[in-house]
There are 2 protein chains.
Amino acid sequence: MWMANETHIRDLINRLARLDSAQGWTGDLNPTQLAMLSYLGQANRFSKSPSHVAEYLGTTRGTATQSLKSLQQKGYVAERRSEVDKRVISYELTVTGREMSRSPAPLQAAVSSLSTKERQTFHQLLQSALLDVLARNKGREFGLCKNCQHHQESNKGPYCALLDVELTRDEADQICYEQVSG
Amino acid sequence: MWMANETHIRDLINRLARLDSAQGWTGDLNPTQLAMLSYLGQANRFSKSPSHVAEYLGTTRGTATQSLKSLQQKGYVAERRSEVDKRVISYELTVTGREMSRSPAPLQAAVSSLSTKERQTFHQLLQSALLDVLARNKGREFGLCKNCQHHQESNKGPYCALLDVELTRDEADQICYEQVSG
DNA sequence: ACTATTAATAGCGACTCGAAACTATTGCAA
DNA sequence: TTGCAATAGTTTCGAGTCGCTATTAATAGT
């Protein structure tokens, strides 16, 4: 038996992600594009701009712009400019894009062979590591809307106190840029 | 409380790797080069060729060649041709390369804030997922020499029955391409 | 109105990626 | 021994990411 040290865990995470990505190259999307597609499929309507995508994935706005344009050209996303702030663009998944974002990967299959208990532990450990890294980078959490300080339950349903808008049940389960756990 | 499903775990792994990589861009190395450097720092003398690097990282020989040449030009690795098989090249870390490969990353810091028990569990879960993915891809394990079927303890020290060579203590702790767990 | 800030974009050079073609060396078998 | 297949490494191609540095447009603050 040997010590599971920090370097080994880091290497495992990187290798897993890399092998998973390597599979993702098949098809006409590369790993970055696939990750963006997946993010857009989970994000709420306030969190689908190039800036949000860039911050979530730890890349630059420049790359986000290019990748999203590429996705748009391939027909997986459609752009929509905001009426309120004309600088803001929101990228919505098309039907094709939604299908693509749900295609299974080898890593998912591997994870599903774990027991429920193991999965929960795994998720918790990854989440913990992620929050730690984000704190160090001053990055945003991008947690779920319903796990947010500003999330409230009014008599009409879910409500966001920060943006002062009513939400659908689905939206409460989505990723939000503004999410602050508390 | 909600279910920790496969997709979320996959996304967490990918995001962690991505944020970790994003930091890796600082300096004159990119994430792939850094990963290769890290691998070479842990691999034994039989596992340092472009092919091995490519297979470990799930990329192609072409990319491995280019990246290693780039690392060589920057002075982090040195190439050495094998006497036995003149096709084979082995890339050794230089002193500068060894320093660079040990520079800490935010993800390592995050992992080290976990308890020893958590780290062990984390490591085990990641290892399990990795073996599963590798099995699906028919990929090699690249485990440690000393955890191998062919590893033996002779009166002179560690010994590899497959390659019929004697090993140093250090080498038994290194990554080996030929490793088969048993 | 002037200014600072913010969102998105464009261009540059270095690089990764898959894929395919290519060279050199080795191994096997007739 | 000669011939051929397999293997190790390289090269080239086009598409695309990445950090970086402008640049444009819209918004916010004074």
Side-chain angles (χ1 to χ4, degrees), chain A residues 14 17-37 39 46-74 76-77 79-91 137 177-178, chain B residues 14 17-37 39 46-74 76-77 79-91 137 177-178:
Chain A
N14 281 325
R18 205 170 268 277
L19 292 175
D20 188 51
S21 296
Q23 289 300 101
W25 273 105
T26 60
D28 60 343
L29 297 184
N30 63 44
T32 298
Q33 291 170 350
L34 203 58
M36 290 186 180
L37 208 60
Y39 169 75
F46 314 112
S47 314
K48 292 174 191 279
S49 74
S51 298
H52 296 144
V53 171
E55 194 173 345
Y56 180 79
L57 293 177
T59 183
T60 59
R61 290 193 297 281
T63 299
T65 294
Q66 289 181 348
S67 303
L68 291 170
K69 291 285 176 200
S70 169
L71 283 173
Q72 184 180 17
Q73 201 173 353
K74 290 173 188 167
Y76 296 118
V77 301
E79 89 174 50
R80 212 194 46 194
R81 295 207 97 93
S82 165
E83 298 296 322
V84 186
D85 186 336
K86 285 173 188 166
R87 293 171 304 181
V88 173
I89 294 186
S90 205
Y91 282 92
N137 294 5
Y177 171 74
E178 301 287 0
Chain B
N14 280 325
R18 205 169 268 277
L19 292 175
D20 188 52
S21 296
Q23 288 300 101
W25 274 105
T26 59
D28 59 344
L29 297 184
N30 64 43
T32 298
Q33 290 170 350
L34 204 58
M36 290 185 181
L37 208 60
Y39 169 76
F46 314 111
S47 314
K48 292 174 191 279
S49 75
S51 297
H52 296 144
V53 171
E55 195 174 343
Y56 181 79
L57 294 176
T59 183
T60 58
R61 291 195 301 277
T63 299
T65 294
Q66 288 181 348
S67 303
L68 290 169
K69 292 286 177 200
S70 169
L71 282 173
Q72 184 181 18
Q73 202 173 352
K74 289 174 186 167
Y76 295 118
V77 301
E79 88 174 49
R80 213 195 45 193
R81 295 206 99 93
S82 164
E83 297 296 322
V84 186
D85 185 336
K86 285 173 188 166
R87 295 171 303 181
V88 173
I89 294 186
S90 206
Y91 281 92
N137 295 4
Y177 171 74
E178 301 287 0

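Remember, predicted model here, so these are calculated numbers, not experimental data.
Between A/Gln33 and A/Lys86, the residue whose closest nucleotide on DNA chain D is further toward the 5' end is A/Gln33. A residue-by-residue look at A/Gln66 and B/Glu83 shows that A/Gln66 has its nearest nucleotide of DNA chain C further toward the 5' end.
When the options A/Glu83, A/Arg81, A/Arg87 are evaluated for a side-chain contact (heavy atoms from CB on, under 4.5 Å) with A/Asp85, the one that passes is A/Arg87.
For the 3.5 Å distance criterion, the side chains of A/Ser70 and A/Ser67 fail to qualify, holding no donor opposite an acceptor.
Between A/Ile89 atom CD1 and C/dA10 atom P the separation is 10 Å, expressed in whole Å. Put simply, CD on B/Glu79 is 10 Å from P on D/dG9, counting in whole angstrom units. Between A/Leu57 atom CG and D/dT17 atom P there is a gap of 12 Å when expressed in whole angstrom units. With rounding to whole Å, B/Arg61 atom CZ is found 12 Å from C/dG18 atom P. Rounded to an integer number of Å, the gap from NZ of A/Lys69 to C1' of C/dA7 is 12 Å. In this structure, the CG atom of B/Asn30 is 13 Å from the P atom of D/dC20, given to the nearest Å. In this entry the distance linking CD of B/Gln73 with P of D/dT10 reads 14 Å, nearest Å. Regarding A/Leu68, its CG atom lies at a distance of 11 Å from the P atom of D/dC18, rounded to whole Å.
By the 4.0 Å N-to-carboxylate-O rule, A/Glu79 lies close enough to A/Lys69 to be salt-bridged with it.
Side-chain to base pairing of B/Arg87 with D/dT7: one donor and one acceptor N or O lie within less than 3.5 Å of each other.
Under 4.0 angstrom from either OP1 or OP2 of C/dA10 there lies no side-chain N or O belonging to A/Thr65. An OP1 or OP2 oxygen of D/dG9 is reached within less than 4.0 angstrom by a side-chain nitrogen or oxygen of B/Ser49.
The two residues A/Leu19 and B/Tyr56 come nearest to each other via the heavy atoms CD2-O, 4.4 Å.
When atom types are taken as modelled, the side chain of B/Ser21 and the backbone of B/Ala17 share a donor-acceptor pair closer than 3.5 angstrom.
Contact annotation for A/Ser51: backbone-only contact, meaning every heavy-atom pair under 4.0 Å involves sugar-phosphate atoms and none involves a base.
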